[in-house]
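Inspection log for the structure reproduced underneath, given as structure tokens.
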Amino acid sequence: MKLIHLSDLHLGKRVNDFSMLEDQQHILREILRIIDQEQPEGVLIAGDIYDKTVPPAEAVALLDDFLVELADRQLQVFLISGNHDSPERIAFGGRLMAHSGIHLAPVYDGRVEPIALADSYGPVHVYLLPFLKPVHVRRFFPEAEISSYTDAMAAAIGAMEVDTAQRNVLVTHQFVTGAARCDSEEISVGGTDNVDVSVFGDFDYVALGHIHGPQSVGRETVRYCGTPLKYSFSEAKHQKSVTVVELEEKGRVGIRTVPLTPLRDLTELRGTYAEVTYRGFYEGTSYRQDYVHITLTDEDDVPDAVAKLRVIYPNLMKLDYDNRRTRAEFSIEEGGDAERRSPLELLEEFYEKQNGQPMGEAQRQLARSLMGRIWEGEA
């Protein structure tokens, strides 16, 4: 059985105030072209369908068009909500859509019923588990000790009573310990959202969403397919793709990727103003239409640099300088890796600057506890 694994469409997203809707429309057409080439039996979409819990109308229309195209191809489609989605909005109309082969994960209620597919090797059971926090799971298992994301996932999966003699696929949206993050992902407090890969032992393939870089974690068959588009310049070197999964007899799973070609790429350029303008005028136009981050190395600021450079690079998203002045300046925001650090790390840095001494362990534990409760929606 052949399945296409997608995730993190983030429909309606804006990057540095540029709407990505046209790019998303293009990449969904690219995905449909690949589906027509591959002829899979099903498509797995592992959450973060939208970029916001209340998406713009244009994003909803784009998803509607995509699902209609998939249904017209008589595919079985499995879709869950991610941490950027509203579970209730994603689940709406699910029972009606199931008649067209579009299976939407319902709002989690402590039960997950598998959806059965079949091929010459027998049944394949697909389980849909939307993004969950411990607080979402505790209410359904009051006698269980659920203090972490791993505990929550273990309880939810344990209640599924998975028949390990059969082939089983899980579609879920979590951060599995060891996965490499990107700047465009939501960072939790001190790694509290980590899920240990061991909880997925009952499944032949785990289709993960949440992490934007394609990668397997723990074992080859626990996999993030990554976003179909680049949503931050930390992803500039990624090769975006769709993941193709081929389930044969129990114990045999083939995984490969098919590259995606965006309408516009994300490109980073570095050099003096003269060097960057020369490249735009004389070294071809292949990246002139890309979304561009330019770092100027001139020692003096160039007057009206953004407007001047946008004549050559109309999709200039970001401009900064790297020179003696900027290297000498320091702030928490510009301190090198602020976007990659957790809220707790930033609070520790702020506390030390304000008080002239590092945060104590008791204070750190209190801050971690309070942030965790806020993150889980309990405070």
Side-chain angles (χ1 to χ4, degrees), residues 2-16 18-51 58-59 62-70 72-73 75 77-80 82 84 171 173 179-185 205 207-217 220 223-246 254-268 286-293 315 317:
K2 185 185 289 187
L3 303 170
I4 297 286
H5 174 192
L6 309 169
S7 78
D8 296 87
L9 306 180
H10 286 279
L11 300 179
K13 188 174 182 65
R14 300 182 71 85
V15 178
N16 292 301
F18 280 71
S19 170
M20 302 299 289
L21 206 65
E22 184 182 13
D23 303 82
Q24 292 170 335
Q25 187 175 43
H26 167 86
I27 215 67
L28 292 181
R29 288 196 296 266
E30 276 280 291
I31 291 169
L32 289 170
R33 179 185 61 77
I34 291 170
I35 286 171
D36 289 340
Q37 289 176 347
E38 293 288 341
Q39 293 293 300
E41 283 74 35
V43 177
L44 315 173
I45 310 179
D48 279 359
I49 311 305
Y50 298 119
D51 193 54
E58 296 84 358
L62 190 54
L63 178 65
D64 183 58
D65 289 344
F66 185 55
L67 293 180
V68 168
E69 291 282 357
L70 294 176
D72 285 347
R73 288 162 170 78
L75 294 167
V77 179
F78 304 90
L79 186 150
I80 66 169
H84 280 252
V171 185
H173 190 96
R181 291 188 185 270
C182 303
D183 289 351
S184 54
E185 297 149 7
Y205 184 75
L208 292 168
H210 189 40
I211 299 300
H212 290 188
Q215 59 193 284
S216 294
V217 187
E220 186 183 9
R223 181 167 177 80
Y224 292 102
C225 63
T227 54
L229 288 171
K230 300 173 185 179
Y231 288 133
S232 75
F233 285 102
S234 66
E235 303 170 52
K237 291 181 168 45
H238 287 188
Q239 172 59 68
K240 298 300 184 179
S241 61
V242 301
T243 295
V244 181
V245 184
E246 296 187 73
I255 299 171
R256 56 188 170 86
T257 60
V258 180
L260 288 165
T261 303
L263 182 64
R264 305 174 186 89
D265 208 346
L266 263 69
T267 300
E268 293 189 293
S286 60
Y287 51 73
R288 279 208 230 157
Q289 297 305 311
D290 290 349
Y291 296 116
V292 180
H293 168 206
N315 295 313
M317 277 188 169

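If you read the sequence from its start, that first residue is 1, and numbering goes on from there. Quick caveat, the model's predicted, so the values are computed rather than measured.
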Does the side chain of [X] reach to within under 4.5 Å of the side chain of [Y], using non-hydrogen atoms?
{"X": "Leu260", "Y": "Ile34", "value": "yes"}
{"X": "Val242", "Y": "Pro228", "value": "no"}
{"X": "Pro40", "Y": "Ile35", "value": "yes"}
{"X": "His26", "Y": "Arg264", "value": "no"}
{"X": "His293", "Y": "Leu266", "value": "no"}
{"X": "Lys230", "Y": "Val15", "value": "no"}
{"X": "Leu70", "Y": "Leu32", "value": "yes"}
{"X": "Ile4", "Y": "Val244", "value": "yes"}

Worked verdict on Phe66 versus Ile49 for side-chain contact (heavy atoms from CB on, under 4.5 Å) | CA-CA 11 Å; Phe66 185 55; Ile49 311 305; over 6 Å; no

Reported [atom1]-to-[atom2] distance for the pair [X] and [Y], which is rounded to 0.5 angstrom:
{"X": "Leu229", "Y": "Lys13", "atom1": "CG", "atom2": "NZ", "answer": "11.0 Å"}
{"X": "Thr227", "Y": "Leu9", "atom1": "OG1", "atom2": "CG", "answer": "9.5 Å"}
{"X": "Ile211", "Y": "Arg223", "atom1": "CD1", "atom2": "CZ", "answer": "13.0 Å"}
{"X": "Glu58", "Y": "Gln24", "atom1": "CD", "atom2": "CD", "answer": "11.5 Å"}
{"X": "Gln215", "Y": "Thr243", "atom1": "CD", "atom2": "OG1", "answer": "11.0 Å"}
{"X": "His212", "Y": "Ser7", "atom1": "NE2", "atom2": "OG", "answer": "7.5 Å"}

Least distance between heavy atoms, Pro259 atom then Ser241 atom | CA-CB, 4.0 Å

Scanning both residues in full, the closest heavy-atom pair of Val171 with Ile80 reads O-CD1, 3.7 Å

Run the side-chain contact (heavy atoms from CB on, under 4.5 Å) check on Leu67 and Leu79 step by step: do they pass?
-> CA-CA 10 Å; Leu67 293 180; Leu79 186 150; 4.3 Å; yes

Please check this pair: side chain of [X] against backbone of [Y], looking for a donor-acceptor N/O pair closer than 3.5 Å.
{"X": "Asp290", "Y": "Asp265", "result": "yes"}
{"X": "His173", "Y": "Ala46", "result": "yes"}
{"X": "Asn315", "Y": "Gln289", "result": "yes"}
{"X": "Glu235", "Y": "Gly213", "result": "no"}

Contacts of Arg33 that satisfy side chain to side chain contact (heavy atoms under 4.5 Å, CB included) - sequence neighbours left out = Glu30, Gln37

Parallel under 30°, tilted from 30 to 60°, perpendicular over 60°: which one fits the rings of Tyr205 and His5?
-> perpendicular

Fit a plane to each ring of Tyr231 and His10, take the angle between them on a 0 to 90° scale, and name the class: parallel (under 30°), tilted (30 to 60°) or perpendicular (over 60°).
-> perpendicular

Are Lys2 and Gln39 close enough, and set up right, to give a side-chain contact (heavy atoms from CB on, under 4.5 Å), and what steps lead you there?
-> CA-CA 8 Å; Lys2 185 185 289 187; Gln39 293 293 300; 5.7 Å; no

Can we say Arg14 and Asp51 salt-bridge, meaning some charged N sits less than 4.0 Å from an Asp/Glu carboxylate O?
-> no

State whether Glu69 and Arg29 are salt-bridged, where the test is any N-O pair (Lys NZ or Arg NE/NH1/NH2 against Asp/Glu carboxylate O) under 4.0 Å.
-> no

Exercise: do Tyr291 and Asp23 side chains pair donor with acceptor under 3.5 Å | yes

